[in-house]
Structure formats: C-alpha cells, structure tokens
Amino acid sequence: MPGPSSRRRLPLRIVVPSRNDPLLRRFTELVGGPLGRRTAPGIVRPGFFTVERVLILLTTLAALLSVLAKTPCRVAGWALPDYFYMGCYSDWPVLFESRGLADGVLPFLTPGSSFEYPVLMGLLAGATALLVPGAGASPERTLAYFDVNATLAAVVWIITVIATARMCHRRPWDAAMVAVAPGIVLAGTVNWDLWPAMVLALAMLSFARGRLVAAGVLIGLGAALKVYPVLMLGAILLLAIRTGRFRPLLVTGGSAAAVWLLVNVPFMVSGFESWAHFLGYTRDREAGYSSLWYAYNVTAEGGGLPQLGPGPANTLSLLLFLAACLAIAVLVLSAPRRPRLAGIIFLVVAAFVLTNKVYSPQFVVWLVPLAALAHPRWRDFLLWQFFEVLHWWAIWMYLGRITSGGEPQHNIDTPYYVLAVLGHIAATAYLMFLMVRSMLHPEHDVVRRLDVDDPQGGPFDNAPDRFVLDWRYRAQPIASAAEGRRD
C-alpha cells in the first residue's frame, strides 16, 4: 500500500470571494448568500466554467464595453473638441494621422521619423498601421486603425488577467479586479499601456515560478515599451538585500539589461537622433496635465506665484521619487516580516506615477494588476477606481475648455479640475498607505492569512532574513539560517 508521500496531491481549495471579501459578501444576499462552507472550490470539478474561463468571459465583456464607450467617436470621427466632451478620446487615431503612420511611416525605421515613445512602442504603432488596408488618413482607415489596436488590446488584457490569476496561488478570483476594472474599461483604449502591463505581469509570473532568465527578458522588453517595468528590479534588489540571495537579482537584472540593449542598440547606431527623441521630448516638455506639478502650476498662476518650468519640475520630480524610494527601502528592510514582492512593486510604481512630471489618464492601467496582487480588497479597490473615474471625466472637460474654447456648459472650472487631480492622487496614496500598514502589521495582509508567504516571490518565497534594520535604522545582520527568522 503506498505511503503518504506517494499519494497524489489534491488540488488546492481556492478562496471564494463571496465569503472572504466583506464587501462582496453583502452583495450576495439576492442570490442566496455566500457560498456554503461545505463546498470545496478548487477540488470539486467546476465543469466548463472554470475560474480562468469565467475571467476570460468577464474580460471580453469589459473589452466590448470599452469599445462601446468610444462609439460616439467611432461613428462621428475623432474631432476636436468633441472627442473630449464625449469621453471617447484615444491617442491611436490622433497619432495615426499626425505621425505619418497613415502614410506608411514606420517609427525608428523610416529615415527622419520621430516618435515620442520608446522603440518597441513605436514599432508596435507602425506595425499595426500596416494591418490597415489602403493608404492615407481617411476616416475609414482611421477607424480601422483604432479597431485593430482595440482588438489586440483585448487579447493583451485577457493575457494580463490570466497571468495575474496564475500567480495568485489560492486566490485566482483576485484577477477579476483586473478583468472588470473601470479604469481599464475607460483607459485601456487610449494608448498602448496595456502592452507593458501585460509584459510586467508575465515577468512577475515567470519570476514567481523561478524562471529568472525569462523574467529578465520580459522586463527588458517591457522597458523598451515603457520605462516603468524596469522598476520591478528595484523591488528584487530590496528583497535580495534582506534575504542575502543575490543570484535572482543578478540573473534577472543581467537578462533584462541584455535584452534592452539588444532591442535598442541597433536603433541607437542607425539613427541616434530618432532614437533619442523620446528622451529629449520627455526632458523638455512642460509639466503634463493632471500631474502634481501641473496642479501646482495652474494654482500658482491663479495666485500670481512663480510657476515651475521643465527644468525645476524635472529636478523636483526626480528628488521626490528618490526620497520615496529611500522610504520604501527603509520600510522593506525594517518591516517585522519580509514584505511581499507585489506590494513593493506597487509602492515603487505608484511613487513613480505620483511624483512624475507627466500623468496621463491611462497610467491607471499600470497599477491595476499590481493592486489586485498586493491588496485584494474590493472595497478599497473600488474606492480608488471611483476617484480615477472622476478624474477621467474632469480631465476631458478641462481639456475641452483650454484647447478649443468649447461651450461653457460642457467645461469644468480650474479649481474643480485641480480637486479632481488631488482626489486621484489621494486615492492612490490611500492604497499605498494600506499596503504600508500590511507590511508593518502583517495580520492585515489578507494573502498571508492563508498560511502562505509570498506567492509572487519566487526564490524569495519562505526565504529567511539575512539583513534587517531595527526601528532605530541600525543594521542587524543575521549570521545563519538557524538564527534567522523564517517567515
């Protein structure tokens, strides 16, 4: 008779949101209350409707809703200022016409072309334009370009959701936050930001499964799409210091650097000016709409105070971000229990978003998958999304006024717009506070209530501490695993 060690391991019982999440539990009364205690989700076969298939269905419906929200522009075209007032603005048709994509220009490949995004984003924009039949920037081709990118974005969105679910251990339903997030429904078809979000999610999944080279390759590709995926390496660095395990950092970081160079160096050599346009554009542009610095500038303008130009805004933004990173480092190295990777990445990316000189409405897409992994509580998630939706409408009504002098009844005054900006900043800061609290008081971390350590931690999962700081910020190296504190 086979012994206990040879018995087939049963599937894990997964967490049921209707009885685990306080907010969702209240919304189940109309359908008979939360799932009963005698059920065994994850062990009992669910039939066709597995968790992943339901998540794919939810994401598909959300993607259709995202396209339906752009119906006024899809019918009447993307015209200023109507696309602001109808809430259907998208960079895709605007860039298709204004950057020569409709005329066959391939960013970074066509001599003399310039594009205000990194290399892979420019190649993606040009490649999708090649899928549109015909020539020229006709309304039909512009609509087709939007539809091609919206279809690809839906596929990318589904991949992001599935990758999130597969690294949630016993909590795959947390990925439903990504599937139905109002912020993604509204902003997912504004730009290509779902692509780097997908690549980062896949990088985290690879890291969680111990595939360090694959994680590094994906981080390098993500940084060639948008800069922010590289911030994952900062979180890995902090965990490497705390655990004394530096191989994950070296392998992942080395792979990321090699892939980024492999993608970028050919374009640096063949056309450095075109390649560097993104850097110069980012450096020289004024503080972007909805950033903390823009809110200060419009407030200062009304009060007759000095405003911040590109140089001071760059400096202050960098200093504030570095200060935030230092604070996060102290938190990670001094917390009573080693923080989880997803929470650290969220804090770093959120700090980057809030301190950056530029904030675009689609930046919320970056944070949604990280929030679902780091703090899977629907009440806090929906509260944050509520303020992001308010900001979404405020920015378009504000832009309609200052860019085209639209009808007064459609506009929003500057003080209310600034309040909407401060609201979305405060809501993001609130999520950051909750994650800091769960790091300082691990009993608030709902993920670790399941007797797990770090589902996304990969080689850091269940690793003992080697170096910590006490609350007086003095180094406390731990000599051996036996003396170390196991999580």
Side-chain angles (χ1 to χ4, degrees), residues 106-109 115-127 156 159-160 163-164 166-167 192-283 318 321-322 325 329 332 341-342 344-345 348-349 352 366 369-370 454 456-461 463:
L106 294 174
F108 305 105
L109 292 175
F115 207 65
E116 59 267 38
Y117 297 103
V119 168
L120 281 188
M121 193 72 80
L123 296 179
L124 174 62
V156 167
I159 295 173
T160 305
T164 303
R166 290 187 177 184
M167 60 176 140
W192 293 277
D193 289 76
L194 270 169
W195 287 81
M198 173 195 69
V199 174
L200 180 59
L202 291 173
M204 293 179 66
L205 176 61
S206 298
F207 192 85
R209 294 182 173 182
R211 299 169 182 170
L212 304 182
V213 174
V217 168
L218 289 164
I219 292 173
L221 293 175
L225 282 164
K226 287 273 187 171
V227 174
Y228 88 95
V230 79
L231 298 176
M232 178 177 170
L233 294 177
I236 295 174
L237 169 63
L238 295 177
L239 292 179
I241 293 173
R242 176 144 183 167
T243 63
R245 297 184 178 183
F246 288 93
R247 182 179 176 276
L249 173 66
L250 296 176
V251 174
T252 306
S255 302
V259 169
W260 187 89
L261 290 172
L262 185 64
V263 171
N264 284 271
V265 167
F267 297 97
M268 296 169 66
V269 173
S270 61
F272 184 81
E273 184 177 350
S274 177
W275 177 85
H277 176 75
F278 162 68
L279 300 176
Y281 176 81
T282 303
R283 180 193 63 234
L318 177 61
F321 176 62
L322 291 177
C325 289
V332 172
L341 179 66
I344 304 171
I345 298 176
V348 176
V349 174
F352 178 74
W366 303 0
L370 298 173
D454 189 353
Q456 299 85 43
F460 301 122
D461 187 28

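Nothing fancy with the numbering, it's 1 onward along the sequence.
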**OP:** Check Pro196 against Gly222 and note the closest heavy-atom contact, atom names and distance.
**Re:** CB-O, 4.5 Å
**OP:** Under the side chain to side chain contact (heavy atoms under 4.5 Å, CB included) rule, what do Ile241 and Phe246 come out as? Steps first, then yes or no, please.
**Re:** CA-CA 7 Å; Ile241 293 173; Phe246 288 93; 4.2 Å; yes
Original post:
Could you state the interatomic distance from OG1 (Thr164) to CD (Gln456), rounded to the nearest 0.5 Å?
Top reply: 9.0 Å
Original post:
Which atoms form the tightest heavy-atom contact between Val263 and Ala224, and what is the distance?
Top reply: CG1-CB, 4.0 Å
Subject >> Sub-4.5 Å side-chain heavy-atom contact between Arg209 and Met167 >> reply: no
Original post:
When you look at Val259 and Leu221, which way does the side chain to side chain contact (heavy atoms under 4.5 Å, CB included) test go after all the steps?
Top reply: CA-CA 7 Å; Val259 169; Leu221 293 175; 3.8 Å; yes
**OP:** Taking the side chain as every heavy atom from C-beta outward, state whether Thr282 and Glu116 have any pair of such atoms under 4.5 Å apart.
**Re:** no
Original post:
Do the non-hydrogen side-chain atoms of Ile236 and Thr252 ever get within less than 4.5 Å of each other?
Top reply: yes
**OP:** Work out which heavy atom in Leu106 is nearest to a heavy atom in Ala127; give both atom names and the distance.
**Re:** CD2-N, 4.5 Å
Original post:
Should Phe207 and Leu341 count as side-chain neighbours, where that means a heavy-atom distance under 4.5 Å?
Top reply: yes
**OP:** Can you measure from CG (Leu238) to CD1 (Ile345) and round to the nearest 0.5 angstrom?
**Re:** 10.5 Å
**OP:** Check Pro107 against Gly126 and note the closest heavy-atom contact, atom names and distance.
**Re:** CD-CA, 4.0 Å
**OP:** Any chance you could measure Trp192, atom CH2, to Met198, atom CE, to the nearest 0.5 Å?
**Re:** 14.5 Å
**OP:** Sequence neighbours left out, what pairs pass ring pair (Phe, Tyr, Trp, His ring centres under 6.0 Å) with at least one residue falling in residues 213-238?
**Re:** Tyr228-Trp366
**OP:** Could you list the residues that satisfy side-chain contact (heavy atoms from CB on, under 4.5 Å) with Ser255, not counting sequence neighbours?
**Re:** Val213, Val251
Original post:
Do the non-hydrogen side-chain atoms of Leu212 and Pro459 ever get within less than 4.5 Å of each other?
Top reply: yes
Original post:
Should Leu370 and Met204 be marked as a side chain to side chain contact (heavy atoms under 4.5 Å, CB included) after you check the CA-CA gap, both sets of side-chain angles, and the distance that decides it?
Top reply: CA-CA 10 Å; Leu370 298 173; Met204 293 179 66; 3.6 Å; yes
**OP:** With rounding to the nearest 0.5 Å, note down the distance linking CE in Met232 to CG in Leu237.
**Re:** 13.0 Å
Original post:
At their closest point, which heavy atom of Ala163 faces which heavy atom of Leu202, and how far apart are they?
Top reply: CB-CD2, 3.9 Å
Subject >> Rounded distance (nearest 0.5 Å) linking atom CZ of Phe272 with atom CZ of Phe267 >> reply: 14.5 Å
Subject >> Side chain to side chain, Leu123 and Leu109, heavy atoms closer than 4.5 Å >> reply: yes
Original post:
Quick one: does Pro369's side chain get under 4.5 Å of Leu200's, heavy atoms only?
Top reply: no
Original post:
Looking only at heavy atoms, which two atoms of Arg242 and Val332 are closest? And how far apart?
Top reply: NH1-O, 2.7 Å
Subject >> Working for side chain to side chain contact (heavy atoms under 4.5 Å, CB included), residues Leu120 and Lys226 >> reply: CA-CA 9 Å; Leu120 281 188; Lys226 287 273 187 171; over 6 Å; no
Original post:
Sub-3.5 Å donor-acceptor pair from the side chain of Arg245 to the main-chain atoms of Phe460, do we have one?
Top reply: no
Original post:
Would a 4.5 Å heavy-atom cut-off, applied to side chains only, mark Phe115 and Phe108 as touching?
Top reply: yes
Original post:
How far apart are the C-alpha atoms of Phe321 and Phe352, what are their side-chain angles, what is the distance that settles it, and do they pass the ring-ring contact (aromatic ring centres under 6.0 Å, His included) test?
Top reply: CA-CA 6 Å; Phe321 176 62; Phe352 178 74; 5.6 Å; yes
Original post:
Counting distance only, does the side-chain N/O of Asp461 pair as donor-acceptor with the main-chain N or O of Asp454 below 3.5 Å?
Top reply: yes
